[in-house]
Structure formats: C-alpha cells, structure tokens
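The next block holds one structure in the form of structure tokens; read it before the comments.
Heavy atoms only: backbone and side chains are in, while hydrogens, waters and symmetry mates are out.
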Amino acid sequence: MFDVEKLYDDACHLALHGCGCSYELYVQKLTKEIDRKAHHLPSDQATALKAYAEQKGDYAPEALDHRYDGCCAHGIDYGCCPAGCEVLDAGEWDSEEDDAVRDLHQDLMAEFEAEEEQTRLAEIASRDAHALDRLDALRGRMSS
C-alpha cells in the first residue's frame with residue numbers, strides 16, 4: 001500500500017539525523033531522501049510524493065545546487081560548524097591541530113561529494129531501469 005504521508009515522515013526522520021540543527025542542511029538532506037524514495041516508486045507515486053513534500057514546505061530541489069556565501073557545506077557559518085569547517089588560506093595551516101581540522105574538512109567535503117555522486121548514479125540507474133522495463137513491455141506486446 002502506498003502511503004505518501006508515511007514516506008514523507010520517514011524521510012523527515014532520516015533527514016533530522018546529522019543535520020546539526022542547520023535548517024539548510026536539513027532541507028538538503030530531506031530533499032535528497034525524498035528524491036531517493038521517489039526513484040524507487042512508479043512515476044505517478046513519485047510525482048505524488050514530491051508534490052506532497054513541496055506542499056509541506058521543506059522539499060527544495062534547488063537547495064541541492066545552492067551554496068551559501070560564508071557558510072560551509074552544512075549551511076553553518078565558517079568557524080561555527082561543530083564539524084570544524086573553516087575557511088583558511090593554505091599558509092594559515094600552521095599547527096598539527098589545524099592540520100587535523102583541514103583533514104576533517106577535506107574528508108567531510110569528499111563525503112558530501114561522494115553522497116551527491118551516489119544520488120546521481122541512483123537517478124541514472126532508476127531512469128535506465130524504467131527505460132528497460134518499457135522496452136521489455138513493448139517487446140512483449142510486439143511478440144503477442
């Protein structure tokens with residue numbers, strides 16, 4: 001049984017984990033989760049889920065491509081992020097602690113980019129599977 005509200009609530013619950021009280025990061029995580037769930041649904045149900053999420057107000061596909069000036073990838077001001085995100089010039093990394101912060105920042109950015117790549121690949125796989133299913137249906141009709 002398809003329950004749009006339950007799918008949306010599940011996505012909200014997953015998006016809350018790890019958002020660090022950042023609304024911007026929550027919106028990005030929720031949007032990714034809604035898109036991920038929609039890719040596993042038939043097109044009419046995916047459209048219904050996205051429409052429901054847009055109606056609720058926190059689903060924003062345009063937020064995935066947006067970076068806020070002065071903010072890290074988590075949507076938090078540089079220097080205030082609990083993950084240690086901070087913008088420093090190459091010459092400003094002068095202690096072992098700064099090296100650890102830089103390494104953590106680089107790891108976080110790499111993880112964020114890998115997550116975006118996984119989402120992109122999942123979208124491609126879903127689109128390809130849908131196209132192959134349609135081809136199989138057409139072949140079945142032609143052979144009957």
Side-chain angles (χ1 to χ4, degrees), residues 1-93 95-141:
M1 169 101 189
F2 176 68
D3 185 0
V4 174
E5 189 174 347
K6 179 166 179 7
L7 285 174
Y8 178 79
D9 290 343
D10 290 346
C12 287
H13 181 71
L14 290 170
L16 283 172
H17 292 289
C19 69
C21 296
S22 165
Y23 177 72
E24 291 79 6
L25 184 57
Y26 168 74
V27 168
Q28 288 178 351
K29 289 175 70 85
L30 176 65
T31 300
K32 285 181 183 180
E33 190 60 32
I34 293 290
D35 288 346
R36 188 185 68 74
K37 288 182 179 298
H39 286 298
H40 299 333
L41 296 172
S43 62
D44 60 328
Q45 292 178 356
T47 302
L49 176 61
K50 288 181 179 185
Y52 183 80
E54 285 177 4
Q55 174 192 357
K56 294 301 249 177
D58 291 331
Y59 176 74
E62 67 277 359
L64 297 177
D65 297 327
H66 184 73
R67 296 280 190 235
Y68 297 95
D69 290 334
C71 296
C72 67
H74 304 104
I76 300 172
D77 291 340
Y78 283 112
C80 298
C81 180
C85 297
E86 200 169 335
V87 175
L88 295 174
D89 293 330
E92 293 177 328
W93 300 104
S95 73
E96 285 183 29
E97 184 176 315
D98 287 341
D99 288 341
V101 170
R102 182 194 64 226
D103 292 344
L104 176 62
H105 177 71
Q106 289 173 341
D107 290 346
L108 287 171
M109 294 308 293
E111 183 178 327
F112 203 64
E113 290 171 7
E115 192 175 288
E116 289 173 347
E117 180 66 9
Q118 287 291 344
T119 300
R120 187 183 75 78
L121 292 174
E123 290 172 2
I124 291 169
S126 175
R127 189 174 51 234
D128 289 351
H130 183 67
L132 290 173
D133 288 345
R134 292 181 78 191
L135 283 172
D136 287 342
L138 287 172
R139 285 183 185 141
R141 282 189 221 152

Euclidean distance, L41 CG relative to L7 CG, rounded to 0.5 Å:
6.0 Å
Output the distance between atom OG1 (T119) and atom CD (E33), rounded to the nearest 0.5 Å.
9.0 Å
Among all residues two or more places apart in sequence or in another chain, which pass the salt bridge (Lys or Arg N to Asp or Glu O under 4.0 Å) test with E123?
none
Sequence neighbours excluded, which residues qualify as salt bridge (Lys or Arg N to Asp or Glu O under 4.0 Å) partners of E117?
R120
Residues in salt bridge (Lys or Arg N to Asp or Glu O under 4.0 Å) contact with D133, at least two apart in sequence or another chain
none
Applying salt bridge (Lys or Arg N to Asp or Glu O under 4.0 Å), name anything that partners R127, two or more places apart in sequence or on another chain.
none
To the nearest 0.5 Å, what is the distance between CG on D3 and OH on Y8?
14.0 Å
With sequence neighbours left out, the residues meeting side-chain hydrogen bond (donor to acceptor under 3.5 Å, both in side chains) with E115 are K32
To check you understand the geometry: which heavy-atom pair defines the closest contact between A46 and A38, and what is its length?
CB-O, 3.3 Å
Do D35 and K50 make a side-chain contact, defined as non-hydrogen atoms from C-beta onward lying under 4.5 Å apart?
yes
Rounded to the nearest 0.5 Å, how far apart are NE2 of H40 and CG of L49?
12.0 Å
In Å and rounded to the nearest 0.5 Å, what is the CG to CG distance from D128 to L121?
10.5 Å
Donor-acceptor contact present, side-chain T47 to main-chain S43, <3.5 Å:
yes
Partners passing side-chain hydrogen bond (donor to acceptor under 3.5 Å, both in side chains) against D10 (at least two apart in sequence or in another chain):
K6
What's the spacing between I34 CD1 and E54 CD if we round to 0.5 Å?
10.0 Å
